[in-house]
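Have a look at the structure below before the remarks.
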Amino acid sequence: MEQKVILEAPFTNEKIKSLKAGDMVYISGTIYTGRDAAHKRLFKMIEAGEEMPFDFEGQAIYYAGPCPAKPGKPIGSVGPTTAGRMDAYSPLLIEHGLKVMIGKGSRSEEVVEALKKHTGVYFAAIGGAAALMARCVESAEVIAFEELGTEAIRKLKVNQLPVIVAIDSNGNDSYEIGRKRYEIKP
Amino acid sequence: MREIDAQDIAQLVETLCIEACCVLPNDIQNKFKSSLQTEQSPLGREILGTLIENATIAKEERNPICQDTGMTVVFVTMGQDVHITGGYIEDAINEGVRNGYTKGYLRKSVVSDPIERSNTGDNTPAIIHYEIVPGSDFHIVVAPKGFGSENKSGLKMLMPSDGIEGIKKFVFDTISAAGGNPCPPIIVGVGIGGTMERAAYLSKKALLLPVDHVNKNDTLANLEEQLLTEINQLGIGPAGFGGTTTALAVNILTNATHIAGLPVSVNIGCHATRHAEGKL
């Protein structure tokens with residue numbers, strides 16, 4: 001691979017537009033974890049007009065529920081979970097300023113449309129490479145929904161978290177592109 | 001009659017939970033390395049390299065390979081001449097899971113009720129399968145199962161006339177629809193025959209076979225090879241970003257079945273199809 005592209009949060013439209021499906025990049029700075037249960041709550045809170053636990057503007061949500069931290073470590077193993085389960089909630093979050101999602105696996109047409117309309121990007125982290133990714137986390141702090149345990153929202157400070165641009169702001173999908181390139185039709 | 005203390009079972013299960021989650025079986029690691037030589041996609045090779053590095057870090061640091069340390073599936077093979085003393089075997093196994101997941105800093109991913117969904121906080125209860133065999137051996141396999149891959153598994157009651165072609169089509173369609181979601185390169189367990197639940201059980205048990213296992217039945221060995229070749233032509237590739245390594249293995253287990261039926265179950269294992277075994 002060529003020179004490392006390092007992205008710092010918060011994410012501006014300009015930065016996001018420069019990303020192309022299939023690029024490998026590294027994220028540094030602050031990101032937030034959130035998965036199934038947290039998304040359900042955030043969605044209901046937006047609908048009810050309540051204040052969010054953090055300002056979405058230009059931010060990233062990492063679909064991850066980490067393992068408990070060992071003594072002296074900020075976090076346990078922390079890889080991505082399947083993003084498709086968040087599809088029902090994501091368009092509304094994107095509409096409210098969320099710019100970046102990090103997960104694994106394909107997304108719905110509605111999510112792709114929301115990324116195009118609001119200039120967002122969906123990154124994939126490598127599913128299962130969770131011990132390696134824990135090394136990229138410098139600090140972790142639960143900021144909301146503590147009672148959800150691993151599903152609570154955590155504020156993470158990460159250093160060069162490796163991700164791949166899965167769906168860029170033009171709607172190009174690297175899962176589809178990559179699969180077509182190597183598919184051998186019978 | 002041989003006596004086994006329930007506490008010894010709990011202790012063994014505790015150790016196996018931690019080992020299974022942190023140490024990737026050698027056969028899978030070796031397959032990663034050989035796939036690195038054959039994978040055609042540069043990004044695919046990069047991802048395989050990352051998975052090898054991840055497994056090394058996990059083992060060295062005694063950290064879980066994947067944060068989804070699964071629902072704990074336990075296979076008990078017990079001789080009929082064994083007598084468990086000092087407690088109920090099911091409680092002992094769950095105590096082992098509770099202690100293993102707490103002491104090993106493993107993630108607790110189990111909810112007590114599928115509708116109400118509140119986390120039990122200790123990853124119990126485990127899913128326990130028992131097989132009673134002749135003799136007095138006691139053997140346990142702990143196989144934590146992540147749900148990224150479990151969610152993409154499937155079962156179909158085919159008609160006998162669907163035959164081998166029908167089986168191939170169902171397996172192929174299930175893997176194709178799963179795409180990059182179940183964390184490829186995957187391991188494919190297939191259960192054919194029996195009743196509905198027996199086919200499902202066999203497909204899970206097939207995931208415990210080594211990835212380089214060759215079926216003793218020629219027809220099935222041939223079917224496994226054909227399926228593996230065709231799955232790897234789907235183009236899904238490592239992590240789903242395209243490539244020639246979509247599955248590491250296809251393993252099939254079969255059972256006698258009814259004159260009217262052909263049940264087929266496909267259980268997908270991710271690249272971290274973890275399991276550890278021990279004896280008492």
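Proteins get letters first, then strands, A, B, ... in listed order; numbering begins at 1 in each. Predicted model, so just to flag it, every value in this text is computed and none were measured.
Under the 4.0 Å criterion applied to side-chain N and carboxylate O atoms, Glu14(B) and Lys103(B) are assigned as salt-bridge partners. By the 4.0 Å N-to-carboxylate-O rule, Asp36(A) lies close enough to Arg85(A) to be salt-bridged with it. Ion pair Arg135(A)/Glu61(B) flagged as a salt bridge, since at least one NZ, NE, NH1 or NH2 atom sits closer than 4.0 Å to an Asp/Glu carboxylate oxygen. Between Lys157(A) and Glu138(A), at least one side-chain N (NZ, or NE/NH1/NH2) sits under 4.0 Å from a carboxylate O, which counts as a salt bridge. Comment: Arg98(B) does not engage Glu95(B) in a salt bridge, judged by the lack of any side-chain N to carboxylate O separation of less than 4.0 angstrom. Under the 4.0 Å criterion applied to side-chain N and carboxylate O atoms, Lys155(A) and Glu141(A) are not assigned as salt-bridge partners.
For the residue pair Tyr62(A) / Thr81(A), no side-chain donor-acceptor distance below 3.5 Å is found, with atom types taken as modelled. Gln160(A) and Ser28(A) share no donor-acceptor pair across their side chains, judged by distance under 3.5 Å alone. In this model, a donor atom of one side chain and an acceptor atom of the other lie less than 3.5 Å apart for Thr82(A) and Lys104(A). For the residue pair Asn13(A)/Lys99(A), the side-chain donor-acceptor check at 3.5 Å is satisfied. Counting only N and O atoms by type, the side chains of Glu151(A) and Asn119(B) include no donor and acceptor under 3.5 Å apart. Arg179(A) and Ser176(B) form a side-chain donor-acceptor contact under 3.5 Å, judged by distance and modelled atom types alone.
Within residues 40-49 of chain A, no residue has any heavy atom under 4.5 Å from a heavy atom of chain B. Residues of residues 20-37 of chain B placed with any heavy atom under 4.5 Å of a heavy atom in chain A are absent; none qualify.
Ranked by heavy-atom pairs under 4.5 Å with chain B, the list Ala37(A), Ala64(A), Ala124(A), Gly178(A) is led by Gly178(A). The choice from Pro162(A), Gly84(A), Pro66(A), Gly76(A) that makes the most heavy-atom pairs within less than 4.5 Å of chain B is Pro66(A). Contact tally against chain A (heavy-atom pairs below 4.5 Å) for Gly180(B), Gly237(B), Cys183(B): the top residue is Cys183(B). Of the listed residues (Arg117(B), Arg62(B), Glu230(B)), the one with the most heavy-atom contacts under 4.5 Å to chain A is Arg62(B). The choice from Gly65(A), Ser77(A), Ala83(A), Gly105(A) that makes the most heavy-atom pairs within less than 4.5 Å of chain B is Ser77(A). The candidate with the highest count of non-hydrogen atom pairs below 4.5 Å against chain B, out of Gly149(A), Gly127(A), Ala134(A), Gly128(A), is Gly128(A). Ranking Gly22(A), Ala129(A), Gly103(A) against chain B, the residue ahead of the rest is Ala129(A), based on heavy-atom pairs under 4.5 Å. In terms of non-hydrogen atom pairs under 4.5 Å with chain A, the most contact-rich of Cys66(B), Ala239(B), Pro64(B), Ser118(B) is Pro64(B).
Proximity to chain A involves both the backbone and the side chain of Thr50(B), based on heavy atoms less than 4.5 angstrom apart. Of the atoms belonging to Ala69(A), it is backbone heavy atoms, and not side-chain ones, that fall under 4.5 Å from chain B. Looking at Ala58(B), both its backbone and its side chain come within 4.5 Å of chain A, counting heavy atoms on both sides. Of the two parts of Asn63(B), the backbone and the side chain both hold a non-hydrogen atom closer than 4.5 Å to a non-hydrogen atom of chain A. Contact annotation for Leu106(B): only backbone heavy atoms (N, CA, C, O) come within less than 4.5 Å of a heavy atom of chain A. Proximity to chain A is absent for every atom of Asn232(B), based on heavy atoms less than 4.5 angstrom apart. Only the side chain of Thr150(A) comes within contact range of chain B, judged by heavy atoms closer than 4.5 Å.
Between the side chain of Asn94(B) and the backbone N or O of Pro125(B) there is no donor-acceptor pair closer than 3.5 Å. Lys108(B) contributes a side-chain N or O that, together with a main-chain N or O of Tyr101(B), makes up a donor-acceptor pair within less than 3.5 Å.
A cation-pi contact links Lys4(A) to Tyr26(A), judged by a cut-off of 6.0 Å to the six-membered ring centre and 45° from its axis. With Tyr122(A) as the aromatic partner, Arg107(A) meets the cation-pi criteria of under 6.0 angstrom to the ring centre and within 45 degrees of the ring axis.
Scanning both residues, Tyr175(A) and Ala166(A), for their nearest heavy atoms gives CE1-CB, 3.9 Å.
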